[in-house]
Protein chains: 2
Amino acid sequence: MINKQSKLPIYYQLEEAIKQEISQKGLAPHSPIPSEREYAEKHGISRMTVRQAINNLVSQGILYRARGRGTFISEQKFEQDISQLSSFSEDMRERNLTPSTKIIKMDELIGPSAAHDKLNLKINDTVYEIVRLRLANDQPIALETIFTPKKLLGAITEKQVETSFYQYLENDLGLSIKRGFQSIEASLATSEEMTYLQIKKNDPVLVMQRTSFLDDHLGTPIEFVKSIYRADRYKFNIEMNRS
Amino acid sequence: MINKQSKLPIYYQLEEAIKQEISQKGLAPHSPIPSEREYAEKHGISRMTVRQAINNLVSQGILYRARGRGTFISEQKFEQDISQLSSFSEDMRERNLTPSTKIIKMDELIGPSAAHDKLNLKINDTVYEIVRLRLANDQPIALETIFTPKKLLGAITEKQVETSFYQYLENDLGLSIKRGFQSIEASLATSEEMTYLQIKKNDPVLVMQRTSFLDDHLGTPIEFVKSIYRADRYKFNIEMNRS
DNA sequence: GAGTGGTCTAGACCACCGC
DNA sequence: CGGTGGTCTAGACCACTCG
């Protein structure tokens with residue numbers, strides 16, 4: 001129900017109410033929901049407020065409108081599922097695998113480097129270099145090298161990067177990641193990579209490089225990471241929109 | 001200027017006017033634009049209408065708001081640039097390369113197949129199988145096999161798939177593609193692939209598989225394509241949002 | 001305190017759809 | 001035709017930011 005005294009905006013309460021209504025009644029995709037005027041009258045609110053709630057649900061891909069006909073429930077979930085920038089740990093959990101990590105190396109880099117470039121840093125800024133072997137269900141999947149600026153992280157210990165680096169940034173440091181740019185190519189493993197990943201000469205690997213940026217309207221780069229994935233155990237899945 | 005007699009909505013005219021204002025005055029990212037009340041008064045329209053225009057520009061990533069401070073211009077382009085589902089031709093042009101195509105094979109498949117599964121078809125539906133070698137600046141880049149349902153395309157000729165298949169679907173058939181789901185993995189080329197791509201044994205390749213869906217609220221699958229890319233000449237670039 | 005965006009109201013007219 | 005979403009108005013009060 002809508003509570004006009006609540007600190008939460010009415011349109012937001014209505015959004016939640018509509019979402020709940022859909023899941024509770026188990027409404028199927030393409031079933032109509034009540035009209036905007038019905039919602040307005042039922043809750044004693046303005047139609048414009050109803051529209052704001054519905055607009056948000058439409059842009060979340062939960063509803064769609066048809067002029068002259070009504071508002072309907074979208075095809076399930078699909079539209080929300082546009083693939084998100086996700087960490088290795090999140091990715092593995094989504095695949096119903098248990099992620100784990102072995103830290104190989106932790107260093108500090110000073111002076112010019114490719115990472116300084118990618119992270120848009122000055123020459124005398126310090127960069128952490130963290131090399132981790134990532135496993136799923138205890139099987140090696142990827143060898144990952146993270147570069148991240150010391151001035152944004154402060155002091156870090158091995159403990160803090162033993163699990164999800166994104167989780168550390170977001171939950172412990174309160175940094176919010178907005179977007180990432182990544183490239184994916186195929187290659188053959190180097191001998192060091194072969195050792196850690198337990199693969200043979202001429203086994204192909206996927207090389208993913210990513211730069212992630214903060215949600216601070218300056219788009220500050222927060223990490224540059226290069227990951228080598230075993231091609232026999234990993235495949236990228238991406239959902240994309242057109243236009 | 002805003003024309004209230006125009007058939008175009010006022011908010012849309014204002015959107016265009018603001019975009020033009022930004023590019024004409026060459027306003028830098030993070031500069032403020034006039035307040036909502038200023039726009040309303042200046043054009044003799046309601047503030048809610050101004051808000052609708054600005055909301056649209058915000059969701060297009062052109063502007064951002066800051067409560068109590070104002071509305072500002074976003075960091076250039078970046079936010080709009082979330083990578084789009086694009087065809088080989090579009091992709092190559094974006095990389096300033098000239099795409100071309102050699103058709104290797106055109107067939108019709110009947111009976112059960114992996115493509116029938118991916119395209120959600122019945123057993124006795126006919127599927128076109130089109131194999132094309134894709135080149136950029138006359139260098140072979142990818143070997144591409146498209147599966148697409150005959151019942152949605154009708155009769156097709158080699159001429160029609162000599163250039164961009166997406167362009168053919170969209171411009172000639174008036175079909176609108178909404179989204180695609182793709183996977184990317186690394187592999188070694190088969191001997192047939194090696195021949196067409198002019199690569200050697202043990203040269204790695206990228207294998208991309210994609211299913212594309214129409215914008216028809218049923219999300220009808222319109223193509224399943226498997227492409228083999230030369231790893232030395234091609235790399236996927238993807239921009240993604242988080243949360 | 002003055003100005004900003006965030007929310008909300010109670011109407012209105014329109015174009016479109018299906019019967 | 002009646003009902004729908006699409007657009008628009010002319011106000012209002014709020015929370016927030018900044019000088």
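Every chain is numbered from 1, with letters handed out A, B, ... down the list of sequences. Keep in mind that the numbers below use all heavy atoms, side chains included, and drop hydrogens, waters and symmetry copies.
- Residue A/Gln160 places its CD atom among more than 12 non-hydrogen atoms of other residues, nucleotides or ligands, all under 6.0 Å distant.
- Computed from coordinates, the A/Gln52 CD to C/dG6 P distance equals 10 Å when rounded to whole Å.
- The distance from atom CD of A/Glu36 to atom P of C/dC17 is 16 Å, rounded to the nearest whole Å.
- For C/dT4, the OP1/OP2 oxygens have no side-chain nitrogen or oxygen of B/Thr71 closer than 4.0 Å.
- Scanning for ring pair (Phe, Tyr, Trp, His ring centres under 6.0 Å) contacts around A/Phe72 gives A/Tyr64, with sequence neighbours left out.
- Distance, A/Gln5 CD to C/dC8 P: 12 Å, rounded to whole Å.
- Between B/Glu16 and B/Lys19 there is a salt bridge, since at least one side-chain N of the basic residue sits less than 4.0 Å from a carboxylate O of the acidic one.
- One can place CD1 of B/Ile33 at 12 Å from P of C/dT4, the figure rounded to the nearest angstrom.
- Note on A/Lys7: every side-chain N or O is 4.0 Å or more away from OP1 and OP2 of C/dT7.
- Aromatic ring pairs are classed by plane angle as parallel below 30°, tilted from 30° to 60° and perpendicular above 60°; the pair B/His43 and B/Tyr39 is parallel.
- Contacts classified as salt bridge (charged side-chain N to carboxylate O under 4.0 Å, His left out) and involving residues 20-31 of chain B (residues at least two apart or in different chains) are given here: B/Glu21-B/Lys25.
- Computed from coordinates, the A/Ile45 CD1 to C/dC8 P distance equals 8 Å when rounded to whole Å.
- Nearest nucleotide to the side chain of A/Arg65, out of C/dT7, D/dG6, D/dT7: D/dG6.
- With rounding to the nearest 0.5 angstrom, the CD atom of B/Glu144 is 7.5 Å from the CZ atom of B/Phe88.
- In this entry the distance linking CZ of B/Phe72 with C1' of C/dG3 reads 12 Å, nearest Å.
- When heavy atoms are screened at a 4.0 angstrom cut-off, A/Glu38 is found touching the sugar-phosphate backbone but no base atom.
- Remark: B/Thr49 is in phosphate contact with D/dT9, judged by side-chain N or O atoms under 4.0 Å from OP1 or OP2.
- Atom CD of B/Glu162 has more than 12 neighbouring heavy atoms from other residues, nucleotides or ligands inside a 6.0 Å radius.
- Within the 4.0 angstrom heavy-atom criterion, only backbone atoms of the sugar-phosphate kind lie near B/Ile10; the bases stay farther away.
- Comparing B/Ser35 and A/Gly44 along DNA chain C, the residue whose closest nucleotide (by nearest heavy atom) sits nearer the 5' end is B/Ser35.
- Residue B/Tyr11 contributes atom OH, which lies 7 Å from atom P of D/dC8 at whole-angstrom precision.
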Kindly give the atom pairs (protein nitrogen or oxygen, nucleotide nitrogen or oxygen) under 3.5 Å for nucleotides 12-19 of chain D.
unit_1 : atom_1 : unit_2  : atom_2 : d
D/dA12 : N6     : B/Arg47 : NH1    : 3.4

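- Comparing C/dT4, C/dT9, C/dT7 against the side chain of B/Arg51 picks out C/dT7 as the nearest.
- Rounded to whole Å, the distance from NE2 on B/His43 to P on D/dA10 is 16 Å.
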